[in-house]
Number of protein chains: 2
Amino acid sequence: MDAKTKQKYEARAQIIKAMAHPSRLFIVDELSRGERCVCELRDMIGADISTISKHLSVLKGAGILEDEKRGLQVFYRLRVPCILNFFGCVEDVLVANARRGAAVVKK
Amino acid sequence: MDAKTKQKYEARAQIIKAMAHPSRLFIVDELSRGERCVCELRDMIGADISTISKHLSVLKGAGILEDEKRGLQVFYRLRVPCILNFFGCVEDVLVANARRGAAVVKK
DNA sequence: TTACTGGTTGGCAAAATAACCAAATAAATG
DNA sequence: CATTTATTTGGTTATTTTGCCAACCAGTAA
């Protein structure tokens, strides 16, 4: 792989990596229903607020979310909604895996 | 997040995590054009064959690839082709980021 | 059997991630 | 201005991931 190709895949991997965490996946899923402030997400996820803030900054850094401060609160929303397409296929993989699991059990 | 919800997002994150690496992303992209043996992928990526083999086992473990041994070689192929949908959206994010980058530079 | 080729596995060191706490910042309020 | 609330940032430690090497395993062929 030459340097340019490597860069290409690194840039793409960074975006996918930003999604590759349960809490961050939850956040993306939740924001598909509309913007949320950090404190709402903290209440839903139940981790330290600094942890939530860091997850949000990873997603924002990747270009998946954008934020807006209004008063004391910061609201986050999806910047590129097609991100939700991921979920459908992930579901398909899980279904296929369940079948595989069932098949393995059958043996 | 209750335990069940957490599990749900962990299962999904595991699949996305399997894609979240430049070499593994390259492999998925390459296999979209047809099956390849480990040695072909090693030649294209240029890492140690044990490294390639481990990447493949991560993707296989997630249920994204399947393998078949024929003679001395092991061929890998996509098990769930919808995985390719990821690329389109990742492209969109990159385009949006490029615009953002341009805008930032403009300031 | 011996040797060879293609691939996997185990182990290790280096690098990247994750989660928490504490401290800093920023907007609103008394 | 001092205080409170919402969030971010810095620092630390624990965990996970990565990539290489060496050793091992599975077919194939001499």
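The model shown is predicted, which means the values in this text are computed figures rather than measured ones.
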Under 3.5 Å, is there an N or O donor on one side and an acceptor on the other linking the side chain of A:K54 and the base of D:dG10?
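A donor-acceptor contact between them is present.
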When you measure from the side-chain N and O atoms of [X] to the phosphate of [N], is any distance below 4.0 Å, counting only OP1 and OP2?
X     : N      : value
A:T51 : C:dA19 : no
A:K17 : C:dT17 : yes
B:R24 : D:dT18 : yes

Of B:F75 and A:G46, whose closest DNA chain C nucleotide lies nearer the 5' terminus?
B:F75
Closer to the 5' end of DNA chain C via nearest nucleotide, is it A:G71 or A:A20?
A:A20
Please report, rounded to the nearest Å, how far the [atom2] atom of [N] is from the [atom1] atom of [X].
X     : N      : atom1 : atom2 : value
A:H21 : D:dT17 : NE2   : P     : 11 Å
B:L72 : D:dA26 : CG    : P     : 13 Å
A:I45 : C:dC20 : CD1   : P     : 11 Å
B:K6  : C:dA18 : NZ    : P     : 14 Å
B:I52 : D:dC21 : CD1   : C1'   : 15 Å
B:L59 : D:dT18 : CG    : P     : 10 Å
A:R42 : D:dT5  : CZ    : C1'   : 10 Å
A:D48 : C:dA23 : CG    : P     : 14 Å

With a sphere of 6.0 Å drawn around CD of B:E10, does it hold more than 12 non-hydrogen atoms of other residues, nucleotides or ligands?
yes
Surrounding CD of A:Q7 (heavy atoms of other residues, nucleotides or ligands, distance under 6.0 Å), is the total greater than 12?
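No, the 6.0 Å shell around CD holds no more than 12 heavy atoms from other groups.
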Check every atom of [options] against the side chain of [X] and return the nucleotide holding the closest atom.
X     : options               : result
A:Q73 : C:dT9, D:dT7, C:dG6   : D:dT7
B:K69 : D:dT7, D:dA26, C:dT9  : D:dA26
A:S50 : C:dA18, D:dT7, C:dC20 : C:dC20

Taking any heavy-atom pair under 4.0 Å as a contact, classify A:Y76: base, sugar-phosphate, or nothing.
sugar-phosphate
B:L84 reachable from B:L41 in the ILVMFWY side-chain graph, under 4.5 Å edges:
yes
Which distance, rounded to the nearest 0.5 Å, do you find between the CE of A:M44 and the OG1 of B:T5?
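Atom-to-atom, A:M44:CE and B:T5:OG1 are 12.0 Å apart.
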Parallel, tilted or perpendicular: ring planes of A:H55 versus A:H21, cut at 30 and 60 degrees:
tilted
